[in-house]
Amino acid sequence: MKLDKYYTGETAKVNLDGKDYELPILIGEEGEKAIDISALRSQSGYITLDYGYMNTGSCASAITYLDGENSVLNYRGYSIDELADKCIFVEVAYLLIHGCLPTEAELANFQDMMRRYALLHEDMVHFFDRFPPGSPPMSILSSMVNSLCVFYPEMVNNPMEKIDKMAARIISKVRTIAAFSYRKAMGHQLVYPRHDYSYCANFLNMMFDSPVEPYEVNPVVVSALNKLLILHGDHEQNCSTSTVRMVGSAHVNLYASISAGISALWGPLHGGANQAVIEMLQRIHRSRGNYRTFIDKAKDPKDPFRLVGFGHRVYKSHDPRCTIIKNACNDVLKALNVKDPLLDIARELEEVALNDDYFKERNLYPNVDFYSGIIYKAIGIPSDMFTVMFAVGRLPGWIAHWKEMRNDKNYRIGRPRQIYVGPTTRRLSPIGARGVCNCENI
Ligand code: CMC
């Protein structure tokens with residue numbers, strides 16, 4: 001990636017130990033400003049300290065633009081509202097990975113590859129019998145994706161040449177893995193993918209078709225699923241994407257890098273939040289809708305409870321994905337004739353929180369996870385699969401970032417620095433002469 005044109009020629013000056021250092025300034029396409037500190041340590045001996053990378057850019061990227069102050073989210077320059085309104089997930093996956101929207105022929109070719117790669121190697125199918133009952137689906141997904149390296153090694157060895165095929169293969173197979181893990185968990189016969197179905201319809205059919213009651217694919221549900229997957233497609237340098245880049249920076253193959261990203265996504269502060277939202281709404285429902293107690297708990301600094309589905313590291317205004325999902329949620333519940341009291345609770349909770357000083361002062365708005373679980377629940381997807389759905393949607397983003405990172409000549413193995421605060425050099429005592437450890441506060 002050529003960055004020369006983004007360097008302004010201006011510098012930031014830092015005075016350390018009485019000496020001035022000039023740090024080059026660069027400005028991105030959308031006006032984001034950065035100070036390039038990459039040579040600071042070699043010149044001055046100083047590193048920068050930034051827990052959680054709150055203020056650290058790890059790369060330059062041309063995939064997603066996010067302006068959290070103004071609720072802007074664009075993939076490759078296209079607004080998320082327009083993409084969710086006018087495109088299907090596979091089209092947006094192509095856009096994220098390739099940089100441009102596909103022509104009709106390119107889309108047909110991409111879809112065709114996905115159809116051809118939809119099946120799993122039968123030995124992989126047997127894996128599902130060996131996971132203990134009740135295994136978390138994210139654990140199964142991460143293991144199965146990692147094992148793609150051994151079932152399809154020919155692509156692992158020439159990753160950049162075969163990236164298109166690898167992308168189609170993994171996007172297609174992850175859907176099959178997700179549906180199969182659900183069927184196995186339910187003790188149901190597996191339903192194989194069908195060539196005549198679209199990506200989302202195929203997934204729904206693999207999940208819910210039954211020999212005694214054929215599944216009728218509802219176009220409103222297909223449309224909502226397309227939207228959900230598109231809206232989760234990418235979100236620049238979040239925890240799981242940074243994990244995929246970090247693991248991939250050691251030249252680990254795409255499948256293993258994505259398997260690591262799936263593990264990162266699993267966390268309740270990241271992709272696991274959509275499941276936690278439904279569980280929280282169910283708890284509120286069980287307490288007869290007493291949501292004010294939960295709001296008070298969330299505001300209490302001594303209570304670790306947080307209003308899940310609220311707040312975001314980057315969005316300090318409303319999350320643009322949330323509005324689209326909230327509308328899709330209304331459409332799905334109406335089309336399926338579902339009356340879910342959790343939707344009423346969610347709406348009331350949102351209303352109360354948005355008018356509460358605690359949430360207003362901290363710019364806490366409902367995020368992408370707040371309404372998505374209610375849609376999944378209405379469709380029949382169990383809550384322990386919600387984060388799997390997030391992973392299916394996020395795959396194109398992970399692939400795009402892995403590809404961009406591997407093609408970027410500036411990219412080096414990820415290796416942050418630290419400030420060491422442990423003991424200085426100590427002498428080792430024989431085991432019988434050691435005192436009680438007093439390290440617990442370190
Ligand atoms: N409920 C109550 N208080 C909150 C919440 C919340 N959901 N989120 C943040 N705060 C408070 C927090 O206690 C802190 O207050 P104070 O300044 O008095 O100490 C202040 O707001 C800033 O919070 P933070 O933890 O410093 O913010 P962060 O950027 O580190 O954390 C977050 C972002 C998403 C982890 C956090 O908002 C959170 O835990 N939300 C709930 C979990 C959730 O919904 N996660 C899904 C995120 S969207 C999906 C994704 O992209 O991964």
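Counting starts at 1 for both ligands and their atoms, in listed order.
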### Query
How are the rings of H98 and Y94 set to each other: parallel, tilted or perpendicular (split at 30° and 60°)?
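Rings of H98 and Y94: parallel, under 30°.
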
### Task
Just say parallel, tilted or perpendicular for the rings of F390 and H270, cut-offs at 30° and 60°.
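The rings of F390 and H270 stand perpendicular, inter-plane angle above 60°.
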
So which of [options] gets nearest to [atom], if we judge by its closest heavy atom?
atom	options	result
atom 3 (N) of ligand 1	F390, F370, Y358, F305	Y358
atom 25 (O) of ligand 1	R306, H235, R321, R313	R306
atom 37 (O) of ligand 1	G309, G311, P366	G311
atom 2 (C) of ligand 1	A298, C239, A353	A298
atom 49 (C) of ligand 1	D369, T241, D303	D369

### Query
Is N337 atom CG crowded by more than 12 heavy atoms from other residues, nucleotides or ligands, each under 6.0 Å away?
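No, the 6.0 Å shell around CG holds no more than 12 heavy atoms from other groups.
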
### Message
Using a 6.0 Å cut-off, check whether atom CD of E351 has over 12 heavy atoms from anything other than its own residue.
### Response
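Not more than 12 within 6.0 Å, no.
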
### Task
Run the numbers for me: atoms of ligand 1, each under 4.0 Å from some heavy atom of A273, listed by number.
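Once the distances to A273 are compared, the set is 43 (C), 44 (O), 45 (N), 46 (C).
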
### Task
Run the contact test for N238 against ligand 1 with a 4.0 Å cut-off on heavy atoms, strictly below, and give the result.
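The answer is no: ligand 1 sits nowhere under 4.0 Å from a heavy atom of N238.
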
### Message
Could you check, using the six-membered ring where one of them is a Trp, whether H188 and F180 have ring centers closer than 6.0 angstrom?
### Response
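Between F180 and H188, which both carry aromatic rings, the centre distance is not below 6.0 Å.
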
### Message
Can you check atom 17 (O) of ligand 1: any protein non-hydrogen atom closer than 4.0 Å?
### Response
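True for atom 17 (O) of ligand 1.
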
#### Entry: Nearest protein heavy atom under 4.0 Å from atom 9 (C) of ligand 1, yes or no
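Looking at atom 9 (C) of ligand 1, one finds that a protein heavy atom does lie closer than 4.0 Å.
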
How far is [atom] from its nearest protein heavy atom, and which residue and atom is that?
atom	value
atom 7 (N) of ligand 1	L307 O, 2.7 Å
atom 42 (C) of ligand 1	V308 CG1, 4.0 Å
atom 4 (C) of ligand 1	L364 CD1, 3.5 Å
atom 52 (O) of ligand 1	H270 ND1, 2.5 Å
atom 40 (N) of ligand 1	F310 O, 3.0 Å

Could you tell me whether [X] approaches ligand 1 through its side chain, its backbone, both or neither, with non-hydrogen atoms closer than 4.0 Å?
X	result
H312	both
R362	side chain
N367	side chain
D319	neither

### Query
How about K5 and E29: do any of their side-chain heavy atoms sit closer than 4.5 Å?
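Yes - at least one pair of side-chain heavy atoms lies under 4.5 Å apart.
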
### Task
For side-chain contact (heavy atoms from CB on, under 4.5 Å), just list the numbers for L281 and I374, CA-CA rounded to whole Å, side-chain angles, deciding distance to a tenth of an Å, and then say yes or no.
CA-CA 10 Å; L281 295 175; I374 300 176; 4.0 Å; yes

#### Entry: Closest approach of A378 to L336 (non-hydrogen atoms, all atoms of both residues)
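Looking at all heavy atoms of both residues, the shortest contact is O-CD1, 3.6 Å.
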
### Query
When you look at S147 and F127, which way does the side-chain contact (heavy atoms from CB on, under 4.5 Å) test go after all the steps?
CA-CA 10 Å; S147 69; F127 285 5; 3.6 Å; yes

### Query
Is a side-chain donor-acceptor pair under 3.5 Å present for D67 with N70?
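Yes, because at least one side-chain N or O of N70 sits under 3.5 Å from a partner of the opposite role on D67.
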
### Task
Could you give me the CA-CA distance, side-chain angles and deciding distance for D296 and T293, then say whether side chain to side chain donor-acceptor pair (under 3.5 Å) is met?
CA-CA 5 Å; D296 290 342; T293 315; 6.0 Å; no

